[in-house]
Amino acid sequence: MERLRFAPSPTGYLHVGGARTALFNYLYAKKVGGTFILRIEDTDPERSKPEYSEQILRSMKWLGLHWDEGPYYQSKRMERYREVVGYLLDNGLAYECFCTPEELEARRKEAQKQGKPYKYDRRCLYLSEEEKEKLRAEGRKPAIRIKLPDENPDREIKWHDLVKGDISIKISELDDFIIVRSDGTPTYNFAVVVDDHDMGVTLVMRGEDHISNTPKQIILYEILGWDVPKFAHIPMILGEDKTKLSKRHGAVSVEEYKKQGYLAKAMFNFLALLGASYEENREVYEPEELIQLFDINKITSHPAVFDHDKLRHINREHLKRLSLEELKRELEPFMEEKGYQWPDNWEVVLELLRERAYTLLDFVDKGDFFFTDDFQWDEKAQKQWEKGKDMVPALADLADAFEALPQWNAENIEQAMRDVAAKKDFKPRKFFPIVRIAVSGKTVGPSLFHMLEAMPKDTVVRRLRKAASQV
RNA sequence: GGCCCCAUCGUAUAAUGGUUAGUAUACCGGCCUUUCAAGCCGGUGGUGCGGGUUCGAUUCCCGCUGGGGCUACCA
């Protein structure tokens, strides 16, 4: 039975990179009937914030990344870490280090200045009890370092990465890294090993930025005599400029995309296909399909640029697939935000609007005139209106014609419009856009006759009269 | 600087030791339409460079270049 985990640190919102890592773990676990564990890595008291944990959990739920176990919090497992450290210390596998961060930083800088690679020099490994007591008396609080095996510096730490293939690094590249801070809290490389072991994790799937941590962790497993899990490192997500995706690239948190009107399903779909593909000629999938299709061997080994255009396209496709009831439900928060009310014929309106909507936000932006009299005229509409000023008075005639219609339907509407245009000697293609602007404030939108049909007659007449009087 | 990872149209990807190097998106053009979309049709655009191996490399090997990651008492 495979056990996987997603282990975010609550130092910020869930961003799309983390979401994709979580997604791949989720897909893998679901595909093989394994367990998906959620663990919050909050060992850094400086940077971890509870509100971020909440935010991350919320984003994961929204995306449909449901975990089977957890969330576990590392901050609640301190006793266990102490226990393991005790074992390491008692057996001479780790040792206290009294060097301060400042001293270490200075040595690092010095080494850099001389162009030498920096490694901790193990000076504290050889401290006598008296010396340690003296340092303690000075008020120094020791950190704890792991003692790396040093019998063969040429020895290579290697593993077969499920995404990257064979990776190896000489043990001499590593140094005695800190596993417990002087305040007693464990560091990432230590806590992660203890947790993954305790939680029975069989496959560690995480971002590529963790590759260099992997050898350290493998050594820890070895020193502790524990089984080493499988590893899979998935490539980073990059921004348009091909550097690691970050805030300066614009929207990066899952929450933001939700606010911008993206469907959870679409995000799920897009992320699952970012750095993987399953069938030619197809890219729109339901989450269940992606679970069935998931194959870790299909994940590419190079980083991928986050393409907003593609996301928009995928979102549009999912928007089209929704039933009108589902669509209405998704739209509810956006309508509420704007203070809009649903018209009785909301189905007709949504049908008209969704043909050119990329996001949920488009419905309330591009379709504002369906929901309120207080809609905005966009810039193009203003300009075109100015150019067609001479036709504006005719809108009053059109209002009269509309009022006289026995039946408010597209055919009658079209006929009335053509009649008025003919009577005034206007070309339909010149006159119709003016009508559109008068009732919607836009130059583009749904089929005009059907759009008008979908609006209450009195609203249309009112807007035409108001516009006509603006000359 | 050191270590590690990576390299196919702008982007995401497919493919094979021999193909007209495919698909999607984006872009451009046409049809359609009152407009914008959608749809249909068509188009521009790619194997980073240099060596090998080979009858033949985009594919395999090496080097280079380029990009990315890590280099913390962050995760």
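Order of the sequence lines sets the chain letters (A, B, ...), proteins ahead of strands, with each chain counted from 1. Computed from a predicted model, the values in this text were never measured in an experiment.
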Classify Pro215(A) by what it touches in the nucleic acid, base, sugar-phosphate, or nothing, heavy-atom distance under 4.0 Å.
nothing
Hey, does His233(A) reach any base, or is it just sugar-phosphate, or nothing, if we go heavy atoms under 4.0 Å?
nothing
For Glu279(A) and Tyr285(A), which I'm curious about, is there any donor-acceptor pair between the side chains at under 3.5 Å?
yes
Using only heavy-atom distances, determine whether the side chains of Asp42(A) and Ser75(A) contain a donor-acceptor pair under 3.5 Å.
yes
With distance as the sole criterion, is a donor-acceptor pair present between the side chains of Tyr358(A) and Arg312(A) under 3.5 Å?
no
Select base, sugar-phosphate, or nothing to describe what Arg316(A) touches, counting heavy atoms under 4.0 Å on all strands.
sugar-phosphate
Under 4.0 Å between any heavy atoms, over every strand shown, what does Glu280(A) touch: base, sugar-phosphate, or nothing? Just pick one.
base
Side chain of Asp309(A), heavy atoms from C-beta onward: which of A7(B), C73(B), U25(B) has the nearest atom to it?
U25(B)
Euclidean distance for P, U58(B) against U71(B) (whole angstrom):
38 Å
Would you mind classifying the nucleic acid contact of Cys99(A) as base, sugar-phosphate or nothing, using non-hydrogen atoms under 4.0 angstrom?
base
Taking 4.0 angstrom as the limit, do Lys442(A) and Asp368(A) come out as a salt bridge?
yes
Considering every strand and a 4.0 Å limit on heavy-atom distances, what is the contact class for Phe449(A): base, sugar-phosphate, or nothing?
base
Looking at C73(B), U35(B), A75(B), which one has an atom nearest to any side-chain atom of Val444(A)?
U35(B)
Per atom distances to the Leu274(A) side chain, the nearest of C6(B), A37(B), A12(B) is A12(B)
From the set A26(B), C73(B), C5(B), return the single nucleotide nearest to any side-chain atom of Ala143(A).
C73(B)
With distance as the sole criterion, is a donor-acceptor pair present between the side chains of Thr214(A) and Arg206(A) under 3.5 Å?
yes
Could you tell me whether the side chains of Asp195(A) and Tyr81(A) share a donor-acceptor contact shorter than 3.5 Å?
yes
Taking G68(B), U11(B), A7(B) as options, the one with an atom nearest any side-chain atom of Lys242(A) is U11(B)
Would you indicate what Thr43(A) reaches in the nucleic acid, counting non-hydrogen atoms under 4.0 angstrom: base, sugar-phosphate, or nothing?
sugar-phosphate
Closest nucleotide among U34(B), C73(B), U23(B) to the Asn281(A) side chain
U23(B)
For the side chain of Asn213(A) and the base of A75(B), is some donor closer than 3.5 Å to an acceptor across the two?
yes
Between U13(B), A75(B), C4(B), which one does the side chain of Ser277(A) approach most closely?
U13(B)
Mind checking Ser447(A) for me? I need base, sugar-phosphate or nothing, with any heavy atom below 4.0 Å counting as a touch.
base
Looking only at side-chain atoms of His302(A), point me to the closest of C36(B), C6(B), A75(B).
C6(B)
Checking all strands, does Ile169(A) fall into the base, sugar-phosphate, or nothing category for heavy-atom contacts under 4.0 angstrom?
sugar-phosphate
By nearest atom, which of the nucleotides U23(B), A14(B), U25(B) is closest to the Thr300(A) side chain?
A14(B)
Which of the following nucleotides, A75(B), C5(B), A26(B), is nearest to the side chain of Thr187(A)?
A75(B)
With rounding to the closest Å, how many angstrom separate the P atoms on C60(B) and U16(B)?
11 Å
Classify the nucleic acid contact of Leu273(A) as base, sugar-phosphate or nothing, counting any heavy atom under 4.0 Å across all strands shown.
sugar-phosphate
